[in-house]
> 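Pasting a structure here, questions to come.
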Number of protein chains: 2
Amino acid sequence: MPERSVSIATKPPPDDDRIAPVRSVLSEEEGIDFTVIELLFFAYRDFTSDPDQILAQYGFGRAHHRVVHFVNRRPGLTVAELLDVLKITKQSLARVLKQLIDTGHIVQVQGPRDRRQRELYPTAKGRALSLALAAPQSRRIARALEGSDFADRAAVERFLKNMVDPELRAQIGKTPRTDAGAGGANGDGVEENRGEG
Amino acid sequence: MPERSVSIATKPPPDDDRIAPVRSVLSEEEGIDFTVIELLFFAYRDFTSDPDQILAQYGFGRAHHRVVHFVNRRPGLTVAELLDVLKITKQSLARVLKQLIDTGHIVQVQGPRDRRQRELYPTAKGRALSLALAAPQSRRIARALEGSDFADRAAVERFLKNMVDPELRAQIGKTPRTDAGAGGANGDGVEENRGEG
DNA sequence: AGATATATGTCAATAAGACTGACATAATTT
DNA sequence: AAATTATGTCAGTCTTATTGACATATATCT
């Protein structure tokens with residue numbers, strides 16, 4: 001056997017120095033904030049695990065979750081706007097969106113001014129799904145903020161917001177174009193048809 | 001009044017009521033913390049975009065990043081331990097790990113006590129890659145914490161730590177078994193919760 | 001010693017979710 | 001009429017993950 005006990009690699013060792021194992025721990029000394037880097041990794045891993053379990057029951061994945069979420073948060077957004085927020089391609093969205101439409105979670109409405117556009121709206125079913133997915137995440141957040149005062153919460157929100165690329169920060173919390181804000185937006189989400197013959 | 005132009009769906013409408021578009025905005029009124037939910041989504045999306053660009057140059061993906069990171073943070077961990085941290089299967093890890101070994105970023109060392117085990121160590125090259133990947137993330141975090149005092153940072157860390165499933169919280173900040181390095185960092189995954197009911 | 005269990009590696013098949021490229025259609029704009 | 005825009009769709013590829021089955025070396029138990 002040409003191998004020593006150190007290397008079990010099947011590739012021929014190019015140079016023993018180059019494949020020498022580094023046994024020291026990579027720690028914060030290098031001026032890198034590994035603490036927060038890892039905290040973000042673990043926090044997000046578990047944050048997404050909540051809705052994942054619910055989605056699995058529907059045969060959906062995270063892609064469906066993102067679409068359902070933003071359509072509910074910004075009802076009436078167009079396909080192009082959704083692609084921009086999600087930063088995926090049209091073809092990637094297609095399959096997911098089609099499934100959500102076929103299952104009656106989302107409907108498309110022809111744009112009132114530009115009839116080429118498809119405004120996306122949740123149905124009652126889609127609204128319910130969105131709430132069901134968000135509920136455990138919100139509960140997890142509430143638990144994580146237990147014992148936090150107002151300043152603590154503000155610090156967390158400021159940190160997260162500042163983590164976003166400045167030029168993309170505009171997307172955050174942007175309620176729909178029709179920003180009716182609180183007060184019930186459209187009042188009630190009842191149908192509103194346009195005749196077209 | 002039967003709707004006409006409202007639905008462009010190709011599927012036969014099962015019931016007009018069921019596919020009626022909901023036009024109201026899904027907002028915090030429902031007692032759900034959509035603000036932080038979306039902040040986490042956007043923050044993590046951009047947080048991972050930094051290393052993604054570097055990885056692309058190597059033909060690597062996020063899976064490689066996670067492996068390189070934890071092998072550097074806990075040099076000498078075994079394959080089984082790595083699988084446990086990443087929460088993926090052996091088969092999923094196999095290809096990624098093989099690539100990292102073949103490219104000389106990681107080496108395997110036979111376990112000193114149990115020779116079935118393979119302890120994973122970075123090479124100098126792997127250490128360098130790990131630092132290169134972490135650097136922009138650390139810079140982003142530092143920028144996001146600019147103007148934050150000690151209490152603010154503590155609030156952020158506490159929030160993130162509490163977002164992790166309690167039973168998995170032990171993995172956090174856990175330095176390697178062999179505490180060769182100075183450590184500092186988080187020490188070990190001690191839970192700190194603000195004394196509150 | 002022999003049997004069993006463990007740690008790891010590997011082959012094969014599958015799936016979700018993303019990608020690119022190419023092309024079609026309808027509607028708006030020029 | 002021509003060009004542009006918004007959307008849809010087909011076809012193929014890639015990465016990362018999955019499960020199942022099986023091989024090998026080593027450790028441990030009886």
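Lettering of chains follows the sequences in order, A, B, ..., and the numbering in each one begins at 1.
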> Report yes if a side-chain nitrogen or oxygen of Thr89(A) is closer than 4.0 Å to either non-bridging phosphate oxygen (OP1 or OP2) of dC19(C); otherwise report no.
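Result: yes.
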> Check every atom of dG9(C), dA16(C), dG21(C) against the side chain of Gln91(A) and return the nucleotide holding the closest atom.
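My answer, after comparing the listed nucleotides, is dG21(C).
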> Select one nucleotide: of dA6(D), dT10(C), dT8(C), the one nearest the side-chain heavy atoms of Ala94(B).
dT10(C)
> Do the side-chain N or O atoms of Ser92(A) get closer than 4.0 angstrom to the phosphate oxygens (OP1, OP2) of dG17(C)?
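No, outside the criterion.
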> Are OP1 or OP2 of dG17(C) and a side-chain N or O of Arg95(A) less than 4.0 angstrom apart?
yes
> Between dA27(D) atom P and Arg115(B) atom CZ, what is the distance in whole Å?
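Computing the Arg115(B):CZ to dA27(D):P distance gives 5 Å.
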> Could you give the CG-to-P distance, from Leu100(A) to dG17(C), as a whole number of Å?
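So the CG-P distance, Leu100(A) to dG17(C), works out to 10 Å.
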> Can you measure Lys98(A) atom NZ to dA16(C) atom P for me and round it to whole angstrom units?
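Value for this atom pair: 15 Å.
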> Does Arg116(B) contact dT6(C) through a side-chain donor or acceptor facing the base, at a distance under 3.5 Å?
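A donor-acceptor contact between them is present.
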> Can a side chain N or O of Arg66(B) be found less than 4.0 Å away from OP1 or OP2 on dA17(D)?
yes
> Any luck finding a side-chain donor-acceptor pair between Glu38(B) and His69(A) under 3.5 Å?
yes
> Between P on dT8(C) and CG on Asp114(B), what's the gap in Å once rounded to a whole number?
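In whole Å, dT8(C) P lies 8 Å from Asp114(B) CG.
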> Ignoring hydrogens and angles, tell me if any N or O in the side chain of Glu81(B) forms a donor-acceptor pair with the backbone of Thr78(B) under 3.5 Å.
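Yes, Glu81(B) side chain to Thr78(B) backbone: donor-acceptor pair under 3.5 Å.
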> Taking Phe47(B)'s backbone N and O only, do any of them form a donor-acceptor pair with Gln137(B)'s side chain (distance below 3.5 Å, no angle check)?
yes
> Between atom CZ in Arg113(A) and atom P in dT7(D), what is the gap in whole Å?
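So the two atoms are 13 Å apart, to the nearest Å.
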> For Leu97(B) and for His64(A), locate the closest nucleotide of DNA chain C by heavy-atom distance; then report the residue assigned to the nucleotide nearer the 5' terminus.
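It is Leu97(B), whose closest nucleotide lies nearer the 5' terminus.
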> In whole angstrom, give the distance that lies between atom CD of Gln99(A) and atom P of dG8(D).
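My rounded result for the distance is 15 Å.
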> If you check every side-chain atom of Gln108(B), which of dT7(D), dG9(C), dA7(C) has the closest atom?
dG9(C)
> Measure CG/Leu93(A) against C1'/dT20(C) and give the value in whole Å, please.
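One finds 16 Å between C1' of dT20(C) and CG of Leu93(A), rounded.
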> Given dT16(D), dG9(C), dA22(C), which nucleotide is nearest the side-chain atoms of Lys90(A)?
dA22(C)
> Please report the distance, rounded to the nearest Å, between CD in Gln117(B) and P in dA5(C).
19 Å
> Does either side chain, that of Arg127(B) or that of Ser24(A), offer a donor lying less than 3.5 Å from an acceptor on the other one?
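Indeed, the side chains of Arg127(B) and Ser24(A) share at least one donor-acceptor pair under 3.5 Å.
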> Judged by atom type as modelled, is there a donor-acceptor pair below 3.5 Å linking the side chain of Ser138(A) to the main-chain atoms of Asp33(B)?
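Side chain of Ser138(A) to backbone of Asp33(B): a pair is present.
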> Want to settle it: does Val79(B) or Ala63(A) sit nearer the 5' end of DNA chain C, counting the closest nucleotide to each?
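Closest to the 5' end, via its nearest nucleotide, is Val79(B).
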> Which of these nucleotides, dT8(C), dT28(C), dT19(D), is closest to any side-chain atom of Ala80(B)?
dT8(C)
